[in-house]
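Presented below is the structure to which this report refers.
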2 protein chains.
Amino acid sequence: MPRAGLDPNTVLQAAAELVDTRGLEELSLASLAQKLGIRSPSLYNHVNGLPGLRRKLALYGFVQMRDAFTRASIGKSKDDAVRSLAEAYLDFARRHPGVYEATQRFADLSDPTVQKAAGEVVEVVVQVLAGYGLQDDLAIHTVRGFRSLIHGFASIEQQGGFGIPLDLNESFRVLVDTFLAGIHARMDNK
Amino acid sequence: MPRAGLDPNTVLQAAAELVDTRGLEELSLASLAQKLGIRSPSLYNHVNGLPGLRRKLALYGFVQMRDAFTRASIGKSKDDAVRSLAEAYLDFARRHPGVYEATQRFADLSDPTVQKAAGEVVEVVVQVLAGYGLQDDLAIHTVRGFRSLIHGFASIEQQGGFGIPLDLNESFRVLVDTFLAGIHARMDNK
DNA sequence: TTGACAAAACTAATCATATTAGCTATATTA
DNA sequence: TAATATAGCTAATATGATTAGTTTTGTCAA
């Protein structure tokens with residue numbers, strides 16, 4: 001029996017690929033072990049059981065998202081930055097549906113490490129929206145709003161919830177633009 | 001052994017209560033059977049296994065949502081109707097977190113019956129937004145956008161994703177108002 | 001009133017998964 | 001080259017879903 005030569009990172013990568021191709025429901029120690037060519041108890045050498053695996057998958061997702069969003073925001077500001085960030089967000093959810101869903105389903109935000117990782121993702125949004133110079137509470141409300149609409153769109157799209165055959169990218173563009181128009185209207189008014 | 005006197009509806013109600021109080025992850029035939037005081041194989045007399053139970057839970061959720069949203073929209077139009085609908089949506093998600101999540105997770109939209117039930121919920125949104133007389137595609141984009149932001153907010157809130165201690169109702173109000181402002185700005189412009 | 005029948009609920013058995021305990025073999029390194 | 005840490009294994013246990021087949025209970029017609 002030649003050793004498989006696995007390590008925690010290889011296992012994590014395999015899990016990410018598994019959920020992105022077969023869906024989050026298909027993630028089990030049994031299916032992952034089979035994909036890796038080992039028996040499922042051997043996974044305990046690399047991962048803290050199924051809960052541990054799920055946690056790592058969520059953490060991994062947050063890191064990937066933070067990096068992708070940071071890249072998308074560099075060198076841009078205001079509406080340009082917001083549109084670029086929104087695009088990167090939707091793109092990530094589409095390319096990594098399983099990992100994205102894992103960040104929603106498996107992230108226990110009472111876990112400080114997870115909280116920190118999730119916070120670093122939100123921080124990118126905070127920085128991008130800081131460009132508008134919104135006051136205190138309004139800045140927070142706006143971050144929450146932006147997160148809500150991009151997550152909501154990605155989530156419904158992934159569930160197949162937009163039934164009508166009308167271009168989804170266009171819908172997303174309209175949504176982001178409507179939100180931006182709302183922010184500008186709000187700033188102009190008072 | 002006196003008969004428990006269950007029927008499919010009683011079972012469904014118990015399942016709804018279970019997921020709303022203990023969370024969706026806690027739903028199993030075993031836990032539901034225990035709650036009902038029967039053995040889990042007996043559930044097959046009322047429900048088509050776990051997949052069947054989940055499906056019924058999602059369908060039940062859609063019906064409840066459609067009814068609640070319809071009630072909230074009656075006698076109102078435009079911004080009033082939109083705000084009332086948004087409020088009813090968030091209220092439902094908060095009061096019935098398990099059932100709400102079930103509509104997201106367990107609804108197989110390739111199932112015609114499920115599709116119809118989900119469609120009837122969306123139809124309420126369509127009718128409310130029809131009040132703005134938006135043209136064709138834009139009307140659809142707007143419905144998609146509104147669904148995205150309210151679902152996104154409800155979903156993130158339920159996950160505990162809004163960490164900062166700042167009033168969530170206010171955030172939601174600001175979000176809906178920003179969206180409305182965006183719609184109006186869009187209508188005024190072109 | 002009673003006999004027949006549909007179905008509610010049960011027990012027993014099978015299968016899949018997670019997990020733990022303890023063993024074995026392999027890589028690494030002192 | 002011998003010692004050691006550990007990757008991976010087998011065996012065993014527990015829980016949950018599901019199926020098959022049995023018992024029991026309501027109900028309803030004769």
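Keep in mind that what you see is a predicted model, and the values were worked out from it rather than measured. Here is how names work: the chains are called A, B, and so on, in the same order as the sequence lines, proteins then strands, and each is numbered from 1.
Minimum heavy-atom separation, R144(B) to D167(A): NH1-O, 3.7 Å. Considering all non-hydrogen atoms of both residues, Q159(B) and T103(A) come closest at NE2-O, 3.0 Å.
Within a heavy-atom distance below 4.0 Å of DNA chain C, the residues of residues 46-54 of chain A found are G49(A), L50(A), P51(A).
No contact: S31(B) has no heavy atom under 4.0 Å from any strand.
Side-chain contact between Y60(A) and V99(A): present, with at least one pair of heavy atoms (C-beta onward) separated by less than 4.5 Å. Proximity of D111(B) to R55(B): side-chain heavy atoms (C-beta onward) are separated by under 4.5 Å at one or more points.
Between Y100(A) and F92(A), the ring-plane angle classifies as perpendicular under the 30° and 60° cut-offs. Ring geometry for H184(A) against Y132(A) counts as perpendicular: the plane angle is over 60°, on a 0 to 90° scale with 30° as the lower cut.
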Please list each protein N or O that sits under 3.5 Å from an N or O in nucleotides 10-14 of chain D, with the distance.
from	atom 1	to	atom 2	distance (Å)
dT10(D)	OP2	R39(A)	NH1	3.4

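If you take CG of L32(A) and C1' of dT17(C), they are 13 Å apart, rounded to a whole angstrom. Protein atom CG of L36(A) is 13 Å distant from nucleotide atom C1' of dA7(D), rounded to whole Å. Between the CG atom of D7(B) and the C1' atom of dA6(C) there is a distance of 16 Å, rounded to whole Å. Note: CG (L43(B)) to P (dT11(C)) measures 14 Å, nearest angstrom. Atom C1' of nucleotide dA9(C) and atom CD1 of I38(B) are separated by 8 Å, given to the nearest angstrom. Whole-Å rounding puts the Y44(B) OH to dC10(C) C1' distance at 15 Å. One interatomic measurement links the two molecules: CG of L29(B) to P of dA8(C), which rounds to 16 Å at whole-angstrom precision.
Side-chain atoms of N45(B) and base atoms of dA9(C) include a donor and an acceptor less than 3.5 Å apart.
One side chain, Q127(A) or E123(A), offers a donor N or O that lies under 3.5 Å from an acceptor on the other. D7(B) and T10(B) are linked by a side-chain donor-acceptor pair at a separation below 3.5 angstrom, with hydrogens and angles left out of the test.
Checked by atom type and distance alone, the side chain of S31(A) pairs as donor or acceptor with a backbone atom of E26(A) at under 3.5 Å.
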